[in-house]
2 protein chains.
Amino acid sequence: MPVTPLALDRFDRHILDIVQQEGRISNQELADRIGLSPSPCLRRVRALEEHGLILQYRAEVDARQLGYQLMALLHISMDQHTPERFDNFERHIREIPNVIECLIITGQAADFQLKILVRDMDDYQHLLLHVINRIEGVTGAHTSFVLRRVFEHRPVPTERP
Amino acid sequence: MPVTPLALDRFDRHILDIVQQEGRISNQELADRIGLSPSPCLRRVRALEEHGLILQYRAEVDARQLGYQLMALLHISMDQHTPERFDNFERHIREIPNVIECLIITGQAADFQLKILVRDMDDYQHLLLHVINRIEGVTGAHTSFVLRRVFEHRPVPTERP
DNA sequence: GAGATAATTGGCAGAATATATCTTTTTAAT
DNA sequence: ATTAAAAAGATATATTCTGCCAATTATCTC
C-alpha cells in the first residue's frame, strides 16, 4: 500500500486526530474543522486511506451490554519456538471469536498474550481447559483478569517525530 | 444511557457485526445487507447509539507509518493499594499520549498493565525512567515488548447468550 | 382463535452530503 | 520573474440522509 512514505502536513495530522475519535464525521464538518474546503479535505482523506495510514473504520461496541462481563489476559507458553508451532497456534486461536487480541511478546515466561472476552467464569473455564489448553504445543497458561479498564483504544499520537 | 437493557434481535446483531468492521458504511448499503429498508435500519442504528451499545466510531490508523515502531506492555506495581494512590497514578498516566491502554489486573505481581507506543528504544527509555517511574507510589515496572501483533481490535461477538 | 392495540416496516419528499470536474490560487524551482 | 507543478476552491450532479405518514406485522386480551 505505501508506495511512497507520504509526507504528512498539519492538515493530514489534524484529519487523523479527528477521525480517530469521530470516525463517522461528515466530510463537510471535517473540512470546517481543519480549515479547508470540502474538496481538498476529501482528497486528503482518500489519500490517507489509499496509503494505508487509515486502515479501517470501526464502531466500538459495549461488550458488557452484549453479555461479555469478563475480560481476561491470558499468557501462553509453547513447548517449541518453531514457526510451525506458532503458525499452528495462530491458526487455531484465530478461530475463537472470544479472543479479541493476540500478541507475541518478550519479557515474560510466556510467548503469547491473548485478550479474551467471556460471559462468566464458567465460560472462561471451558474456553481455557477445553479449547485453548488443547492446542498442540501449549505448555503453560497464566490468567490475569481485568478488574477495570481505565482506558482502552486511545488514539495514536500524530505530532511530528 | 441504558434506560432499559434493550432486547436485541437478529437485525441489531447483524448491524453490530457489520459496523464493527465497516464503521463508515452508508445506511443504504447497511440496510441492503441486513435485509431491511433504509428507514428502519437507520432507526435501529440510532437506537443502538442511544442505548450505548455503539459507543463511538473510530478510524484505525497505522502507528508504524506515524513513526511509532515499538509497542510495549508495561506492568506497574504500586506500593499501596489505596484509592488515592490509584487515582493519582491514573491521572498522571492519562496525560501521557504514548499510553494507549491502561488496565487494572489481577494474577500478576503488577497492578496495572499499560500498552505503550514509542518511536524507538531511546524514546521508551526516557518515558519509563523519567516519566512513569517518577509517578508517586510506583515501586515496580516490568516491560514486555511486542514482537508481533497477530491480531488486534477484533470485533466483539454478537451471538445470543 | 377474533379483534383491538401497539410496534415496526416501507415509501416518499425535502434537505444535506458526497463526489467528479474544472478553474483558480499557491508553491517551488529555475 | 517566469514557468511548471501541486494543491485549493467552486460548481453541478448524484447519492445519501432524515423525518413523516401510511401500511404491515406482531402481540395481547378476552
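In what follows, every heavy atom counts, from backbone to side chain, and hydrogens, waters and symmetry copies are set aside. Below, chains carry the letters A, B, ... as their sequence lines are ordered, and counting in each starts from 1.
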Engineer: Classify the nucleic acid contact of Ser39(A) as base, sugar-phosphate or nothing, counting any heavy atom under 4.0 Å across all strands shown.
Structural biologist: base

Engineer: Just the rounded figure in Å: distance from C1' of dT19(C) to CD of Glu50(A).
Structural biologist: 14 Å

Engineer: Can a donor-acceptor pair be found between the side chains of Arg24(A) and Tyr57(A) at a distance below 3.5 Å?
Structural biologist: no

Engineer: What is the distance, rounded to the nearest whole Å, between atom CG of Asp9(B) and atom P of dA26(D)?
Structural biologist: 12 Å

Engineer: Rounded to whole angstroms, how far apart are CZ on Arg46(A) and C1' on dT21(C)?
Structural biologist: 16 Å

Engineer: Strictly below 4.0 Å, N to O, side chains only: are Asp17(B) and Arg10(B) in salt-bridge contact?
Structural biologist: no

Engineer: Do Arg119(B) and Tyr68(B) form a cation-pi contact, if we require the NZ or CZ to be under 6.0 Å from the six-membered ring centre and within 45 degrees of the ring's axis?
Structural biologist: yes

Engineer: Let me know, please, whether Ser37(A) or Asn27(B) comes out on the 5' side of the other along DNA chain D by nearest nucleotide.
Structural biologist: Ser37(A)

Engineer: Taking the side chain of Arg43(B) as its heavy atoms from C-beta onward, which of dA8(D), dG10(C), dT18(D) lies nearest to it?
Structural biologist: dG10(C)

Engineer: Quickly work out the Ile15(B) CD1 to dT8(C) P distance and round it to whole Å.
Structural biologist: 13 Å

Engineer: Return the value, rounded to whole Å, for the distance between atom CZ of Arg44(A) and atom P of dT19(C).
Structural biologist: 17 Å

Engineer: Return the 5'-most residue of the pair Phe11(A), Glu29(B) with respect to DNA chain D, ranking by each residue's nearest nucleotide.
Structural biologist: Phe11(A)

Engineer: With a 4.5 Å limit on heavy-atom distance, are the side chains of Arg154(B) and Arg94(A) in contact?
Structural biologist: yes

Engineer: Measure from the side-chain heavy atoms of Leu42(B) and tell me the nearest of dT18(D), dT16(D), dG10(C).
Structural biologist: dT18(D)

Engineer: Between P on dA18(C) and CG on Asp32(A), what's the gap in Å once rounded to a whole number?
Structural biologist: 11 Å

Engineer: Measure CD/Gln28(B) against P/dC17(D) and give the value in whole Å, please.
Structural biologist: 6 Å

Engineer: Rounding to an integer number of Å, can you tell me how far Leu30(B) CG sits from dG10(C) C1'?
Structural biologist: 16 Å

